[in-house]
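Here is the structure we will look at.
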Amino acid sequence: MEIKANAGNIKMWLETINTFNSTPDFGTTRVLFTDEEVKAREYVKSEMRKLNLQVHEDAIGNIFGVLKGTRPELPPVWTGSHIDTVLNAGMFDGMSGVVAGLEAVRLIQVNKLKHERNIVVVVYTSEEPTRFKVGCLGSRAMAGKLDAEAAKKLVDDGGNALYDVLQKLGFPVQDFDKVPVKKGSIYAAVELHIDQNGVLEKAGKPIGIVKTICAPSVFDVEVIGRQSHAGGTTMEDRQDAFMATAEIALVLEQLGRTSQSEYTTATIGKVQVIPNAVNVIPGKVVFSIDIRDCDYDYKNDLIAKLKNRIKEIADKRNVKVNLTQYNNDYPMKCDENIIKKLENACEKENTPYIKTISGAFHDSMLVGEFAPVAMIFVPSKNGISHSPEEWTNFADIAAGTDVLADTLIELANEI
């Protein structure tokens, strides 16, 4: 392309989206369907229209900005990501992929590049599990794994069901059965994202081409012991819910560290100790477990071992442990044809790259259930993400956008 991606455009879009933020003094917080997230949605749709994209939304709130091709009857090519965040996050995770998609379609238009297939910029609803505890709500529904009945059962901490929130905001919930995407109806999908573990920065490479997207299994765990006096209860007589939790945590870490898979992570990120008093032995602890792997069988093996060890700990410490599993997603292998096109685009742009694994999950993981997918990573400073310290240079996103635009055009003209 003669005209290259403009880092200034990327900066402007990202900084404007970042103004829709409920915690401006402590990072970026934009939770699904809050006022800030709804306003950010409206802004992105307005920017899509400025780029002459045809904009529509589905029943779960996925946003589609369509750049018409010369043969719109053909299955389209998708790109995009999400604009919701975890609590007190940064301004790049997800949003970089959305604005890169906007800049890519702008480049295609200003360079007057013909394309047969439609090219669609997608904003997926709620990639983060912040509000309803399950991630990738929009792409999950597209993959046929979240229907209207499931949306009625997904409830946030305030008791609001996802279905009711959608209905209140005016989304066409009566058309929930139209959200799933038929396999073969999307030709390809390419998502740009920031690198979230520092591999690119350490390697000194501006582009990562993702081989596999790791998939999560998420649990809530409730450990029930006996609440009693810290001084009056002997060490032998205790049914300490927290100490049982601590032992489970160490077992989880040990299983994660000794996994034979190419990439495994195991995390406890949220803990509630009850009653949380200095001189009281906790009678209950509620915490989360997040297990991810690039191999489904290794992940399931780890989960089975963990459940066995939890039973042993519960019996030994005379506590009860309840596990609630929210999902057990499949890792997604990226499409070799798209990977090859990404490599060719990097060589065309004279941009060095490495192949890598995504330990974080992304909407592409579920889009891959019905379409060939691939991902482009751009460097993040110190590999930090989900933090106010998250930072990616706008020029690095622009370099990734050039590769993205080249690849979208190749795919859109492949018949």
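Computed from a prediction, not measured in an experiment: that's the story for all the values here.
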Using a strict cut-off of less than 4.0 Å between a Lys/Arg side-chain nitrogen and an Asp/Glu carboxylate oxygen, indicate whether K381 and E201 qualify as a salt bridge.
no
Under a 3.5 Å cutoff, is there a donor and acceptor pairing between the side chains of D220 and N322?
no
Ring of F370, cation from K183 - is the NZ or CZ under 6.0 Å from the centre and inside 45° of the axis?
no
Evaluation steps, side-chain hydrogen bond (donor to acceptor under 3.5 Å, both in side chains), between Y296 and N328:
CA-CA 9 Å; Y296 189 72; N328 188 21; 3.2 Å; yes
Go through the steps to decide whether F171 and F33 satisfy the test side-chain contact (heavy atoms from CB on, under 4.5 Å), and finish with yes or no.
CA-CA 11 Å; F171 290 100; F33 295 146; 3.7 Å; yes
Scan side-chain atoms only and decide if S217 and K299 contain a donor-acceptor pair under the 3.5 Å cut-off.
yes
Between the side chains of S261 and D293, is a donor N or O closer than 3.5 angstrom to an acceptor N or O?
yes
Donor + acceptor pair across side chains of N337, K341 (<3.5 Å):
yes
Quick one: side-chain contact (heavy atoms from CB on, under 4.5 Å) partners of E116, sequence neighbours excluded?
T70, R71, L74, N413, I415
State, without any angle test, whether S364 and E191 hold a side-chain donor-acceptor pair at a distance under 3.5 Å.
yes
Set of side-chain contact (heavy atoms from CB on, under 4.5 Å) partners for K11, sequence neighbours left out
E15, F394
Checking side-chain polar atoms at under 3.5 Å, does Y298 have a donor or acceptor matched by the opposite partner on E262?
no
Between R317 and D240, does any side-chain N to carboxylate O distance fall below 4.0 Å?
no
So does R117 pair up with E414, basic N to acidic O under 4.0 Å?
no
Decide yes or no on side-chain contact (heavy atoms from CB on, under 4.5 Å) for W78 and Y124, but give the supporting numbers first.
CA-CA 11 Å; W78 283 7; Y124 300 101; 3.5 Å; yes
State, with a plain yes or no, whether a side-chain heavy atom of D84 is found less than 4.5 Å away from one of E127.
yes
Modelled atom types, side-chain donor and acceptor of E390 and S385, under 3.5 Å
yes
So does E57 pair up with K45, basic N to acidic O under 4.0 Å?
yes
From the list D406, I409, L404, D402, side chain to side chain contact (heavy atoms under 4.5 Å, CB included) with L107 holds only for D402
Whether F377 and H193 hold their rings parallel, tilted or perpendicular, with breakpoints at 30° and 60°:
tilted
side-chain hydrogen bond (donor to acceptor under 3.5 Å, both in side chains), that's the test. Do T28 and N18 meet it? Break it down for me.
CA-CA 7 Å; T28 302; N18 198 51; 2.6 Å; yes
Without hydrogens or angle criteria, can the side chains of Y353 and E343 be said to hold a donor-acceptor pair below 3.5 Å?
yes
Starting from the C-alpha separation in whole Å, work towards a yes-or-no answer on ring pair (Phe, Tyr, Trp, His ring centres under 6.0 Å) for Y43 and W13.
CA-CA 9 Å; Y43 170 71; W13 278 321; 8.4 Å; no
Using distance alone, with no hydrogens and no angle criterion, decide if D363 and S139 have a side-chain donor and acceptor under 3.5 Å apart.
yes
So how far is it from M235 CE to T233 OG1, rounded to the nearest 0.5 Å?
10.0 Å
State, without any angle test, whether Y263 and D295 hold a side-chain donor-acceptor pair at a distance under 3.5 Å.
no
side-chain hydrogen bond (donor to acceptor under 3.5 Å, both in side chains) with T125: which of R140, E37, R41?
R41
Both conditions, 6.0 Å and 45 degrees, for the charged tip of R30 above the ring of F20: are they met here?
no
